[in-house]
Amino acid sequence: MKLVYHGPFWAGSTALQRLEAFGAVPGLTVLGHEAGTAPTDTATLGQRLAWRLGWPIDAARERARLLAFVAQTRPDVVLIDSSKVFGPLDLRALRAAGARLVAYYTPDDALNPRNLKAPLRASLSDWDVFFTTKSFNLPELSALGVRRPVLVGKAFDPVLHRPLSPAQVGPQFERFDLVFAGSFEAERALALQALARSGLSVVVYGGVIGGWPSGGPHPDITLRPAAFGQAYVEALHHGRLALGFLRRQSRDRITQRSLEITAAGRPMLAEKTDEHDAHFKDGRDYAGFTDIDGLIALARRYLADPAARRALGEAGRRRCLDSGYSTRARAEYMVEILDAALSAP
């Protein structure tokens with residue numbers, strides 16, 4: 001099978017991790033095609049307005065560039081990752097250019113208004129395969145006419161997400177009680193404030209720059225820029241415990257971070273959900289909390305017991321390795337699905 005994979009392959013992106021995983025699948029020829037999507041912080045006012053109105057502007061000329069690339073390479077499958085600018089006519093053109101099958105992949109809540117832009121909404125019934133990492137999207141997509149919605153689990157990169165030694169991390173190794181890597185949400189801020197008020201030190205990597213209560217974050221909360229790739233993995237080692245908050249607006253039950261933290265051997269405190277419990281055993285592979293008081297109690301318990309903390313991190317990593325949560329395993333599964341779709345009448 002020859003696969004053209006169109007996605008945002010910037011350094012540290014999960015799309016780049018998937019591209020590398022596809023490249024390791026035996027019998028698969030994968031050709032990466034860079035989406036080249038303009039970063040949101042450099043988007044023009046018109047581009048921002050069009051996005052908010054649900055009609056994203058194809059500023060990177062994704063559609064024309066991908067069509068030319070497909071006409072040149074004539075793959076069996078075109079897999080488009082996350083882009084919102086491809087509509088029904090584009091899918092028809094890709095097939096006319098030689099693609100036997102056109103598939104979509106999204107790591108996000110596909111039906112969230114932030115993601116379901118007009119071209120994607122119009123093309124839902126035209127994709128041959130539609131991969132999602134959100135279990136609740138499956139019935140929703142079917143109800144909207146998607147022919148073959150497929151659930152693909154979140155993943156970790158086995159090369160990148162691994163335990164690091166104090167010598168590899170440097171003087172920041174476990175300098176703080178807790179670390180969180182992620183963007184700002186009000187619920188997260190409340191929990192982080194409560195942890196700091198209870199006397200614990202917290203470091204946060206991400207775009208947590210606004211929305212804090214009057215006076216800003218607690219003095220025991222250290223805010224740092226978002227980290228990606230190797231720097232992100234190192235950042236996970238800056239806390240004795242790593243926090244796995246979910247994202248309310250994305251209806252999260254588990255996140256990519258859940259797999260990355262545990263694969264890196266970091267003891268994780270995460271919001272308790274059915275999907276966290278399906279992937280990990282609470283109390284062995286991760287520690288689940290349901291409210292802020294429970295989170296503080298768990299943090300204090302594990303901070304006072306280095307052996308239990310170490311055992312939690314080691315068990316979480318073993319579970320990732322033994323259960324097929326890697327990007328390679330997910331890529332092999334997706335290739336199986338695509339191969340079956342190619343063979344279907």
Side-chain angles (χ1 to χ4, degrees), residues 1-25 28-43 51 56 58-63 65-66 69-70 73 75 77-86 90 94 99 102-110 112 114-117 119-120 127 129-134 137 150-161 181-183 206 226-233 247 250 252 254-260 263 325-335 337-338:
M1 180 195 303
K2 182 190 288 187
L3 169 72
V4 165
Y5 179 33
H6 175 83
F9 302 134
W10 48 270
S13 70
T14 59
L16 180 58
Q17 295 167 23
R18 285 187 286 275
L19 175 63
E20 293 168 346
F22 280 125
V25 176
L28 178 69
T29 299
V30 59
L31 303 172
H33 187 263
E34 170 62 58
T37 305
T40 55
D41 58 353
T42 60
W51 178 268
D58 186 8
R61 298 185 63 253
E62 292 182 56
R63 297 153 62 233
R65 289 189 298 105
L66 180 59
F69 189 70
V70 168
T73 57
V77 179
V78 174
L79 176 60
I80 295 175
D81 186 326
S82 305
S83 177
K84 309 300 189 294
V85 300
F86 291 89
D90 299 304
L94 290 170
V102 184
Y104 191 78
Y105 174 94
T106 174
D108 303 311
D109 179 358
N112 187 304
R114 295 170 60 248
N115 300 316
L116 190 58
K117 303 305 180 182
L120 180 60
W127 298 93
V129 180
F130 196 109
F131 293 108
T132 176
T133 64
K134 306 294 187 182
N137 275 165
V150 177
L151 179 67
V152 180
K154 295 291 189 180
F156 72 95
D157 184 331
V159 175
L160 182 62
H161 303 117
S183 57
F228 302 99
Q230 180 67 18
Y232 163 73
V233 179
R247 193 170 180 82
S250 297
D252 282 343
I254 191 171
T255 69
Q256 191 87 358
R257 187 181 305 108
S258 306
L259 283 296
E260 295 167 347
Y325 299 159
S326 70
T327 50
R328 168 72 179 272
R330 302 305 195 199
E332 290 176 344
Y333 172 68
M334 293 172 69
V335 169
I337 296 296
L338 295 170

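Positions are given from 1, in the same order as the sequence printed here. Small disclaimer: the values here were computed from a predicted structure and weren't measured.
- Arg330 contributes a side-chain N or O that, together with a main-chain N or O of Gly153, makes up a donor-acceptor pair within less than 3.5 Å.
- Evaluated for a side chain to side chain contact (heavy atoms under 4.5 Å, CB included) with Val335, the options Leu79, Leu28, Val30 yield exactly one hit, Leu28.
- Shown here for Ala99 and Val78, the closest heavy-atom pair between the two residues is CB-CG2, 3.7 Å.
- Atom OH of Tyr333 and atom CG of Leu338 lie 10.5 Å apart (nearest 0.5 Å).
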Derivation and outcome, side-chain contact (heavy atoms from CB on, under 4.5 Å), residues Thr14 and Asp157: CA-CA 9 Å; Thr14 59; Asp157 184 331; over 6 Å; no

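- Looking at Thr133 and Lys154, their side chains do bring a donor and an acceptor atom within 3.5 Å of each other.
- Using modelled atom types, one side-chain atom of Ser13 and one backbone atom of Pro8 make a donor-acceptor pair closer than 3.5 Å.
- Residues Leu120 and Trp127 are in side-chain contact: their nearest non-hydrogen atoms beyond the backbone lie under 4.5 Å apart.
- Rounding to the nearest 0.5 angstrom, the gap separating the CG atom in Leu160 from the CZ atom in Phe228 is 12.5 Å.
- Using modelled atom types, one side-chain atom of Arg257 and one backbone atom of Ala181 make a donor-acceptor pair closer than 3.5 Å.
- The nearest pair of heavy atoms linking Met334 to Val152 is CG-CG2, 3.8 Å.
- Contact check for Gln17 versus Phe156: no side-chain heavy atoms found under the 4.5 Å cut-off.
- With sequence neighbours excluded, the residues that form a side-chain contact (heavy atoms from CB on, under 4.5 Å) with Leu151 are Ser135, Leu138.
- Contact record, Ala331 with Val25: CB-CG2, 4.0 Å, taken as the closest heavy-atom pair.
- When all heavy atoms are compared, the tightest approach of Leu31 to Lys2 is CD1-CD, 4.2 Å.
- Ring orientation note: the planes of Tyr104 and Phe130 are tilted relative to one another, at an angle of 30° to 60°.
- Note that the CD1 atom of Ile80 and the CZ atom of Phe86 stand 4.0 Å from one another [nearest 0.5 Å].
- Remark: Asp252 pairs with Lys134, Leu246, Arg247, Ser250, Thr255 by the side-chain contact (heavy atoms from CB on, under 4.5 Å) rule, at least two apart or across chains.
- Exactly one of Glu34, Arg65, Glu62 qualifies for a side chain to side chain donor-acceptor pair (under 3.5 Å) with His6. That residue is Glu62.
- Between the CG atom in Leu16 and the OH atom in Tyr5 there is a gap of 9.0 Å [rounded to 0.5 Å].
- Not one N or O on the side chain of Asn137 forms a donor-acceptor pair closer than 3.5 Å with the backbone of Thr132.
- Using a 4.5 Å heavy-atom cutoff, the side chains of Phe9 and Asp81 are not in contact.
- Not counting sequence neighbours, the partners of Ser82 by the side-chain contact (heavy atoms from CB on, under 4.5 Å) test are Lys84, Pro107.
- Looking at Asp58, its side chain does come within 3.5 Å of a backbone N or O of Arg63 through a donor-acceptor pair.
- Residues Val4 and His33 come closest through the heavy atom pair CG1-CB, 4.3 Å.
- Annotation: the span from Asp108 atom CG to Asn115 atom CG amounts to 5.0 Å, rounded to 0.5 Å.
- Here the straight-line distance linking atom OG of Ser326 with atom CD of Glu332 works out to 7.5 Å at 0.5 Å rounding.
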